[in-house]
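Below, each value reflects all heavy atoms present in this structure, side chains not excepted, and no hydrogens, waters or symmetry copies.
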Amino acid sequence: MRHKKSSESGSSPGNRPPTDLENSSIKKTNSELLDRRTFMAGAASVLGMFAVSSCSWQEFIQNNFQRMTKEEIEQTVERLRKEYKEKYGKDFVVGTEGPLEATLFGYALDIQRCIGCRKCVYACVEENNQSRDPQIQYIRVLRFKDGDMDLEHSTIYYDPEEVPEDGYYYMPVQCQHCANAPCTKVCPVRATWTERDGIVVVDYNWCIGCRYCMAACPYMGRWFNFAEPVIPAESINTVTHYLGNRPRMKNVVEKCTFCIQRVRVGKYPACVEVCPVGARKFGNLLDPDSEISKIIRNKRVFRLKSELNTQPKFYYFFAT
Amino acid sequence: MKSFIVQAVKRILVGPPLYYAWMTLLLIFVAIGIGSYIQQLKVGLIATGMTSYVSWGFYLGNFTFLVGVAAAAVLLIIPAYLYDFGPIKDIVIVGEILAVSALLMCMMFVTADLGRPDRIWHLIPGIGILNLPSSLLSWDIVVLNGYLFLNLLIPGYIIYKAYNEKPVNYNFLLPFILLSIPWAVSIHTVTAFIYNGLAARPFWNASILAPRFLASAFCSGPALIILLFQIVRHYTKFHVKDEALHKIAEMIAVAMAINLFLLGAEFFKELYSDTHHLSPLKYLYAGMDGKGRLVPWIWTAFTFNVIAFFIFLIPFTRKRFLTLNLGCVLIIIGIWIEKGMGLIIPGFIPAPLGEVWEYAPTTLEILVTLGIWSLGLLILTINLKIVLPIETGEFTKHTASNGALASGRA
């Protein structure tokens, strides 16, 4: 972090941050300085890459989460907690809970009940520490005219006095946690994968930012931090998971994790909890007595773009 | 070896005023490009026009075009080595050197597009993870590097022998030459498959994509080569026969005919079946929801390609340098639009949930792109400056040891 801060507070007139090398050359004569300018441009580009895009040496050499030993995970978590404390002035929990036994998470959303209030959208942003500037939201609530389910005719831009509106219905879309996920398949470095409990996760410290997964996703389930994420310290959620809602860095991909930090300790995802009409259902697909299993067995369900054979674990259903 | 390096450096540093002007111009653009890239690293990819809707843009457009240029060297290799066509065999080395520069530009464009270039080591098998066999991007890294190796090895060996004034052992070289032919096809096929394999993007998810990639590559690459050969023979003692250029032009005519035919086939399928898969094509050629930033560009490309096709088809215009060069320029611009922005952007429009969000590169993106092109041309110029005198026999072990003599003539 120190590197980053010093570069921001520097008074360099150019686009690049001042480097130690450059500062020392200020004492030299002007002609020497000019001679060195071309060299400096090259040196600055190399040093600049470290100064602006990485925070620490430990972060730079950090391994893929799946390949880390227990000790490495503990050390990394400690480092991250220190980093977050420095940045937000708060003590963080960075959980590393693994998948639960005999559990495969699934989700169901009742289209008939959804009123399009977008409470889920904002609860998700707060729970999962999405950047407020630029804004990232994992859930997009589509509005359709009655009698039409054509995505190209839908819109996310509706702003009435009151919802629901006459003549419309709503369909929230987020990561569908596909069993045959096109996004994890294309990642050139295996920075994203499906956990044993069915949650599709991203290792933010392993992602190289190529955005191939975003091109591969048919649901717009993945979002990119085009700039350093900004979250006010007073609204940061300090209860996090390594593969979930811990603060992200710029130029990496993130996505819905079914609130991995909550569901692995027996809580519901934030969007399920906040829904005022109970349209959102969540549970264990492997348990035949769970609510989600009963819905899939007994209700009329469908999965979005099922013709693509992505096999989402996210179902839409009609309760009545 | 030492005398070779000293002589080579001398050859790079010495040249006519026009050479200095050219190199200075390139260096200025490279410097501006590096400055802009540092700014991009500092603020993040928000400095570009890309969004979560259109998540790839100008960089990958240029990358795709240049993979085609690199692959096109094969159109010289086949007649030169397999059919032993003399006029092209004499000059094939320039095509291979162009391929090397194009490949290096490709790698620079992909790196510029990466959000985290500091983590590029994650791609190195062993210390990192290269996701084979499932990621096509990983495959592309393998084939591009393999092709780079072949295109360094083959001309490198020939030049090494020429420098030492020894005959080339073609029996040693033949396996590599034979390998480089399917390999050239593979780099453009795998690059096409990067896009082709994504069911989420119907515009790319059509089997015609890879064949069209190859057809258009065999137009733009050779067109660049024809122009390059004329520049080379004008400014150096390197001899290029008209016959060779006309043979390449003939191949362009065939490639363009196939390219336009495949475009027609694509149009028919989408227009006649009239499903939602038509939407990206509609956005590209006619605009959608009142948005159509690419429409003038793609019609320019279409017009240029059709005019160029007739120029290359008719022997009268193909064999006159005025019209031939006009055709080359039209093709290069036409394919650059078609295989660049015209291919990448409509893949993302409309977005998977139906929104139409447009994209345009920012000034910074354009400056970085200019910087990469300039660096590529700089590498090409330097390579040619060393290789061509070796090929013509002006620069050998013998002349290098009489250093003063050699540099006096350069």
Side-chain angles (χ1 to χ4, degrees), chain A residues 7 14-17 38 41-42 44-45 48-50 52-54 60 64 67 134 136 140 142 150-156 173 182 185-191 205-212 214-220 222-228 249-253 305 308-310, chain B residues 27 30-31 34-48 50-53 55-56 110 113-123 127-132 134-141 194-195 197-201 204 276 279 288 347-348 350-356:
Chain A
S7 74
N15 290 335
R16 61 205 159 81
T38 13
S45 67
M49 253 171 73
F50 275 98
V52 299
S53 59
S54 76
F60 176 72
N64 183 308
R67 297 201 300 189
I136 289 182
R140 309 167 70 66
L142 304 182
D150 189 327
L151 287 168
E152 280 190 21
H153 301 160
S154 73
T155 182
I156 56 164
V173 181
K185 190 160 79 176
V186 300
C187 178
V189 293
R190 280 189 217 137
N205 280 78
W206 195 255
C207 170
I208 59 171
C210 72
R211 309 183 299 294
Y212 198 6
M214 298 174 71
C217 176
Y219 306 103
M220 288 211 76
R222 288 171 169 268
W223 300 90
F224 193 71
N225 288 284
F226 281 91
E228 190 68 40
M249 60 292 275
K250 75 164 176 267
N251 286 350
V252 299
V253 163
K305 301 194 186 188
L308 299 182
N309 193 32
T310 48
Chain B
L27 280 171
V30 170
I34 291 174
S36 308
Y37 181 57
I38 290 170
Q39 171 70 4
Q40 178 187 309
L41 283 179
K42 204 170 139 188
V43 301
L45 286 179
I46 202 159
T48 70
M50 291 184 276
T51 58
S52 282
Y53 292 92
S55 48
W56 285 338
V110 176
D113 187 69
L114 278 191
R116 307 294 309 207
D118 53 318
R119 297 179 185 168
I120 211 158
W121 65 271
H122 293 182
L123 287 161
I127 59 165
I129 301 168
L130 193 63
N131 190 10
L132 290 173
S134 92
S135 172
L136 264 302
L137 209 54
S138 299
W139 277 111
D140 212 37
I141 290 163
I194 289 179
Y195 308 106
L198 306 180
R201 312 283 172 181
W204 298 333
H276 270 333
S279 300
M288 223 180 152
F348 294 101
L353 300 183
E355 299 102 313
V356 176

Against chain A, label [X] side chain, backbone, both or neither, depending on which of its atoms sit under 4.5 Å from a heavy atom there.
| X | result |
| --- | --- |
| I141(B) | neither |
| I127(B) | backbone |
| W121(B) | side chain |

For [Y], is there any backbone N or O sitting under 3.5 Å from a side-chain donor or acceptor partner on [X]?
| X | Y | answer |
| --- | --- | --- |
| K250(A) | K42(B) | yes |
| Y212(A) | L136(B) | no |
| R211(A) | D113(B) | yes |

Part of [X] lying under 4.5 Å from any heavy atom of chain B:
| X | answer |
| --- | --- |
| I136(A) | neither |
| N309(A) | neither |
| C217(A) | backbone |
| V173(A) | side chain |
| L308(A) | side chain |

Exercise for the section: Say whether R116(B) and N251(A), considering side chains only, have a donor N or O and an acceptor N or O under 3.5 Å apart. Expected result: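 Their side chains do not contain a donor-acceptor pair, so the 3.5 Å distance test is not met.
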Exercise for the section: Compute whether any side-chain donor of one residue and acceptor of the other, for H122(B) and N64(A), lie under 3.5 angstrom apart. Expected result: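 Note: H122(B) and N64(A) side chains miss the donor-acceptor criterion.
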In terms of heavy-atom pairs under 4.5 Å, which option from [options] contacts chain B the most?
| options | value |
| --- | --- |
| L142(A), V186(A), T155(A) | V186(A) |
| A216(A), P218(A), P188(A), G209(A) | P188(A) |
| D150(A), T310(A), V253(A) | D150(A) |
| C187(A), P182(A), A215(A), C210(A) | A215(A) |

Practice task
Quick one: list whatever passes side chain to side chain donor-acceptor pair (under 3.5 Å) with R201(B), sequence neighbours left out.
Solution key: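 Result, side chain to side chain donor-acceptor pair (under 3.5 Å) vs R201(B): none returned.
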Problem - Residues, nucleotides or ligands: over 12 heavy atoms within 6.0 Å of W204(B) CH2 - result: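 Yes, because the 6.0 Å sphere around CH2 of W204(B) holds more than 12 heavy atoms from other groups.
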